[in-house]
Chemist: 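Dumping the structure here so I can ask a few things about it.
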Amino acid sequence: MSRGISDIQKKILVLCLKQGFLTCQDIIRQVFGGRKYNVAHASMSRSLTRLWGRGLVQYWRTLNLYYTAITLTPEGKTLAQAILAEADEEQVNG
């Protein structure tokens, strides 16, 4: 079910499922960790654009003048739950 979704996109979907609401700064910090900001921001931007294009996330722009955030659409929630289920199954089956 999650074919065609990159590992970064999967991480973003699962984080958003767990937290409900993510700012772009949250994504950079939690998904990319210590990577250089410009590299992380460019990769995040591409990932979010693709997720939005698939109808999996909704943007909340200018949250407080500086921040953009995302939430999952119903389709995004379904896919994130499937990603978690796949990960659980892989752990069980080794």
Side-chain angles (χ1 to χ4, degrees):
M1 180 170 205
S2 63
R3 285 199 170 118
I5 301 289
S6 72
D7 288 340
I8 290 171
Q9 292 168 348
K10 288 178 184 179
K11 288 177 186 177
I12 291 169
L13 289 171
V14 169
L15 272 174
C16 198
L17 178 67
K18 290 178 178 178
Q19 296 181 13
F21 189 84
L22 284 176
T23 66
C24 290
Q25 287 73 20
D26 292 335
I27 295 169
I28 289 173
R29 188 174 41 257
Q30 294 180 48
V31 174
F32 298 97
R35 288 171 67 179
K36 292 182 180 178
Y37 180 83
N38 290 341
V39 173
H41 191 275
S43 184
M44 176 200 62
S45 180
R46 285 189 301 274
S47 293
L48 291 180
T49 297
R50 290 177 183 132
L51 291 171
W52 177 81
R54 290 176 179 235
L56 301 172
V57 298
Q58 180 177 2
Y59 276 108
W60 299 91
R61 296 190 191 274
T62 59
L63 190 59
N64 65 3
L65 261 46
Y66 302 105
Y67 297 112
T68 298
I70 62 165
T71 56
L72 297 178
T73 63
E75 296 83 4
K77 287 180 184 178
T78 300
L79 182 56
Q81 290 166 341
I83 291 166
L84 285 174
E86 286 175 10
D88 288 345
E89 187 175 318
E90 286 177 12
Q91 285 181 346
V92 170
N93 294 331

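These numbers come from a predicted model, not from an experiment.
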Chemist: Hydrophobic cluster membership, with links at side-chain heavy-atom distances under 4.5 Å among I/L/V/M/F/W/Y: are Val31 and Val39 in one?
Modeler: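 Not linked; separate clusters.
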Chemist: Nearest 0.5 Å, what's the CZ-CG distance between Phe21 and Asp26?
Modeler: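 Rounded to the nearest 0.5 Å, the CZ-CG separation comes out at 9.0 Å.
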Chemist: Which atom pair, heavy atoms only, marks the closest approach of Cys16 to Thr71?
Modeler: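 Minimum heavy-atom contact is SG-CA, 3.7 Å.
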Chemist: State the NZ-CG distance between Lys10 and Leu51, to the nearest 0.5 angstrom.
Modeler: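 One gets 12.0 Å once the value is rounded to the nearest 0.5 Å.
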Chemist: Minimum heavy-atom separation for Tyr37 to Ile28, with atom names?
Modeler: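 Looking at all heavy atoms of both residues, the shortest contact is CE1-CD1, 3.5 Å.
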Chemist: Would a distance-only check, ignoring hydrogens and angles, find a side-chain to backbone donor-acceptor pair under 3.5 Å from Asp88 to Ala85?
Modeler: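 No: the side chain of Asp88 does not pair with the backbone of Ala85.
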Chemist: For a side-chain contact (heavy atoms from CB on, under 4.5 Å) check, start with the C-alpha distance between Leu72 and Val57, then their side-chain angles and the critical distance, and finish with the verdict.
Modeler: CA-CA 4 Å; Leu72 297 178; Val57 298; 4.0 Å; yes
Chemist: Can you tell me how far NE2 of His41 sits from CZ of Arg35, rounded to the nearest 0.5 angstrom?
Modeler: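 Result: 13.0 Å between the selected atoms.
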Chemist: Measure the shortest side-chain to side-chain distance between Thr68 and Leu48 over non-hydrogen atoms and say whether it is less than 4.5 angstrom.
Modeler: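 Sidechains of Leu48 and Thr68: no contact.
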Chemist: Quick one: pull up CG in Leu79 and CD in Glu86 and give me the separation to the nearest 0.5 Å.
Modeler: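 Rounded to the nearest 0.5 Å, the CG-CD separation comes out at 8.0 Å.
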Chemist: Check Ile8 against Ser43 and note the closest heavy-atom contact, atom names and distance.
Modeler: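 Residues Ile8 and Ser43, closest heavy atoms: CD1-OG, 3.5 Å.
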Chemist: Nearest 0.5 Å, what's the CD1-NZ distance between Ile5 and Lys11?
Modeler: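 The NZ atom of Lys11 is 14.5 Å from CD1 of Ile5, to the nearest 0.5 Å.
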Chemist: Would you please test Ile27 and Leu15 for side-chain contact (heavy atoms from CB on, under 4.5 Å) and show each step?
Modeler: CA-CA 8 Å; Ile27 295 169; Leu15 272 174; 5.9 Å; no
Chemist: Once rounded to the nearest 0.5 Å, what's the spacing between atom CG of Leu56 and atom OG1 of Thr78?
Modeler: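 Answer rounded to 0.5 Å: 9.5 Å.
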